[in-house]
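Worksheet: one structure, shown below.
Lettering of chains follows the sequences in order, A, B, ..., and the numbering in each one begins at 1. These numbers come from the heavy atoms of this one structure, side chains and all, not from hydrogens, waters or symmetry mates.
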Amino acid sequence: MTRLVDLPTQEHMLPGNRACAGCSLGIGLRSILKALDGKAVMTVPASCLTVIGGMYPTSSVTVPWLNVAFPGCAAAAAGLAAGLRATGRDREMTVLAMAGDGGTADIGIQALSGAAERNDDFIYVCYDNEAYMNTGTQRSGLTPAGARTTTTMLGKRENPKDMCRIMEAHGIPYVASTSAVFPDDVYDKLARARTLRGLRYVHMNTPCPSGWSFEPRDSVTVGQLAVDTGLVVLFEVEGGVFRLTGRSKTLAKRGKRPPVADYLATQGRFKGMSPEAATEIQRWVDGRWAEYLRRDAAGATT
Amino acid sequence: MSISILTGNDAAAHAARLARVQVVAAYPITPQSPVVEMLSKWSDQGDLQAELVRVESEHSALTVCIAAATVGARVFTATSANGLAYMNEQIWWAAGARLPVVMCCVNRALAAPWNVLNDQQDSMSVRDAGWVQLYCRDNQEVLDTTLQAWRIAEELGLPVMVCYDGFLLSHTVMPVDVPEASAVDAFLPRHEPIPVIDLARPRNVGPVTFADPRANADGVICHGYMELRALHQEALTRALQVIPRVERSFAALFGRSRGALTWGHLLDDAEVVLVAAGSIGVELTVAAEALRAEGVKAGVLGIRAYRPFPAEALRQALQGRRLALVFDKAMSYGHEGPICSDVRSALFGAPGAPPVFGAVAGLGGRDAAARELAEVARRALADLDRGVRQRPAEWVNLQLEERA
């Protein structure tokens, strides 16, 4: 595993962009572009990242960036890959699709599923800030149960979709789950994905101070607590073999996780949640964690 | 040069092959599917060196084309009816992004209720999106127009929609002169795109753009949204010169000319001009000849370029006539046929402009044979003789009173 101090010092994000204060997406994107050595073309649908990218005629990154309509991120990436191949430029750069949770799990899932089934040649990063943050915090298919949004004022009732399992079911070469606040983990996964061909999917938890209602200075600690409690699990699945990575691997060895309630208490969006609902989330997390441990153990014996 | 017996769909596929298209992305829909089946077959056989992306929807088909065209590849797709409607957002995107996408729209009626047969409601519904729209009369024109479409698209930085009638052309055969690849190469040289996706000069392509002009990082003032839209309109206006020039260049190389912005039949001394786009124009030529046999000086004005709309050409062609009778295979529901509206608007206030009557024909594949179209013209002339100058559109062959 690459140590933080060993990450390349070359930056591909320019100083100054339109991200909200404390937005963790900037941390994640920095690591992603470092892992791709700045040799990438990005495609981004309507989302927070569109805002961070900058308004015409400016850009916040030093790589080419193609904006696309909301449902079309994976199809645009497929088109970039096909166009680069057709014009003999496919070895020049990696195609990187980056969409939010809504653009991935809701409106973009059809194009993504189609591209995954065809195993089109690009890396897809879903930066998951767990609601439609760019339009003002409406619930998405990846909003966690209990979270209040502007369209679930009493807290969302349903658990989020499991995008990584959905993508795994497509049989693509690489699926990973990471968190924007672990730059080393993000870097390693993108660096690994870069060496593979076909559709590589990386799901990146991305704490959002304004949407989750916590202080901007706490983005990293909130993101770390999400991993420590097991709500977000760092892992990768390559060639069907599952393994825990980074902090999640350490947690698995240690065998103890802080309660989910500790995480829920850090954010205004979970305020007023009943103890029963919190217990239900804890049970959901525990069930998933046990499954991850089982898969990690099975992966270790492969 | 060789004569082949081809359907309209075959002709479109041959054009894409001859244009050495580099990326094809499409999704099946009746009656367009054979175009993509044929390109897939050629690709599998190694006769077509193109990336074929067999997408999961029309929205993705056009999105793939948009992205691949941004990279600089020559791209092609085709669709019909609900497929075109499903692309809608990206139709606007391709145009606003000023990409030379060529798409065949095999004209078909829009649901509901389901109907796979021909009318032109699909392409007419996206006439405002900023594409060049060309309508074909027959299968030769499908091939020739599709080849010309890339020249127009690449010169102007505009997407071009080649529209031809579903089943009437897409699934009927006629002898088509298929040019040699080398001749097409001379007409349509390798596309030299603007390098938009460039690591050495990274750009943020199509980001949020203010209404007003704004400085870039070097302090140079760049266009705002409204300026970009004005340039888009300017390019479409320029297409009124480019389309005829490309057609002349095609005619010089291949020895055939089928009209540029419009085409005419028996127009010179015509008092009654029947106006339409697409294959119904051919039926109207038969109707005009029947009317002539009765002593009515009828002629046909076919609209080949519907967007940009050839308003000046129409004003000149229709000046001094007794009547313009416009046949639409679509409606702007709640108003009238779109071509009829546009002809009226073009003629408004023009000296010597004739009255414009509308007729709606062939919706959902309803037959509109020459003798019936001639009958519509006779009724229109009778109205004209009674002093009628404005009237609602006649729905041709409508049988409302006989059905529940």
Side-chain angles (χ1 to χ4, degrees), chain A residues 12 14 18 38-46 50-90 92-93 95 97 107-108 110-118 120 122, chain B residues 21-25 27 49-57 59-75 88-90 92-94 97 191 193 195-210 213-218 220-225 228:
Chain A
H12 306 285
L14 297 162
R18 290 173 172 262
K39 293 184 176 58
V41 52
M42 293 176 66
T43 182
V44 177
T50 318
V51 177
I52 293 175
M55 299 173 95
Y56 183 81
T58 63
S59 177
S60 67
V61 297
T62 60
V63 301
W65 175 313
L66 176 64
N67 291 280
V68 291
F70 212 170
C73 188
L80 286 171
L84 287 169
R85 209 158 44 236
T87 53
R89 296 169 64 200
D90 53 320
E92 269 179 43
M93 59 189 103
V95 177
I107 198 170
Q110 174 176 309
L112 176 58
S113 177
E117 185 264 334
R118 297 187 301 270
D120 286 331
F122 61 86
Chain B
V21 67
Q22 291 169 297
V23 174
V24 177
Y27 184 78
Q49 304 301 317
E51 294 287 331
L52 252 80
V53 189
R54 290 139 173 123
V55 287
E56 78 301 324
S57 74
H59 192 285
S60 287
L62 192 48
T63 308
V64 165
C65 288
I66 286 168
T70 308
V71 172
R74 190 174 272 173
V75 303
N88 190 285
E89 165 184 46
Q90 298 298 56
W92 289 80
W93 198 288
H191 178 37
V196 175
I197 301 298
D198 187 358
L199 287 179
R201 194 163 169 257
R203 303 184 211 206
N204 188 0
V205 184
V208 178
T209 303
F210 281 115
R214 187 166 181 252
N216 69 11
D218 300 322
V220 178
I221 301 293
C222 299
H223 293 311
Y225 183 91
L228 294 174

Please walk me through it: do A:V61 and A:H12 pass side chain to side chain contact (heavy atoms under 4.5 Å, CB included)?
CA-CA 6 Å; A:V61 297; A:H12 306 285; 5.8 Å; no

Hey, which of [options] has the most heavy atom pairs under 4.5 Å with chain A?
| options | result |
| --- | --- |
| B:R201, B:R203, B:H223, B:Q49 | B:R203 |
| B:A215, B:G72, B:A67, B:G224 | B:A67 |
| B:N216, B:L199, B:V23 | B:L199 |
| B:V220, B:V75, B:T209 | B:T209 |
| B:L62, B:L52, B:V53 | B:V53 |

Among the listed options [options], the residue most often paired with chain B at heavy-atom distances under 4.5 Å:
| options | result |
| --- | --- |
| A:A76, A:S113, A:A69 | A:A69 |
| A:V41, A:V44, A:L84, A:V51 | A:L84 |
| A:M93, A:R89, A:R85 | A:R85 |
| A:K39, A:R118, A:E92 | A:R118 |

If I measure from the heavy atoms of chain B, does A:A46 come under 4.5 Å with its side chain, its backbone, both, or neither?
neither

Strictly distance-based, threshold 3.5 Å: is any side-chain N or O of [X] a donor or acceptor partner for the main-chain N or O of [Y]?
| X | Y | answer |
| --- | --- | --- |
| B:Q22 | B:R74 | yes |
| B:T70 | A:L66 | no |
| B:T63 | A:G72 | no |

Between [X] and chain A, which part of the residue has a heavy atom less than 4.5 Å away: side chain, backbone, both or neither?
| X | answer |
| --- | --- |
| B:R214 | both |
| B:S57 | both |
| B:I66 | neither |

Please report the shortest heavy-atom distance between A:G83 and B:A68, naming the atom on each side.
CA-CB, 4.0 Å

Step by step, work out the side chain to side chain contact (heavy atoms under 4.5 Å, CB included) result for A:N67 and A:T50.
CA-CA 7 Å; A:N67 291 280; A:T50 318; 3.6 Å; yes

Side chains of A:Q110 and B:H59: does their closest heavy-atom pair fall under 4.5 Å?
no

Supply the atom-to-atom distance B:W93 CH2 to B:C65 SG, rounded to the nearest 0.5 angstrom.
15.5 Å

Verify side chain to side chain contact (heavy atoms under 4.5 Å, CB included) between B:Y27 and B:S60, making sure each step is shown before the conclusion.
CA-CA 9 Å; B:Y27 184 78; B:S60 287; over 6 Å; no

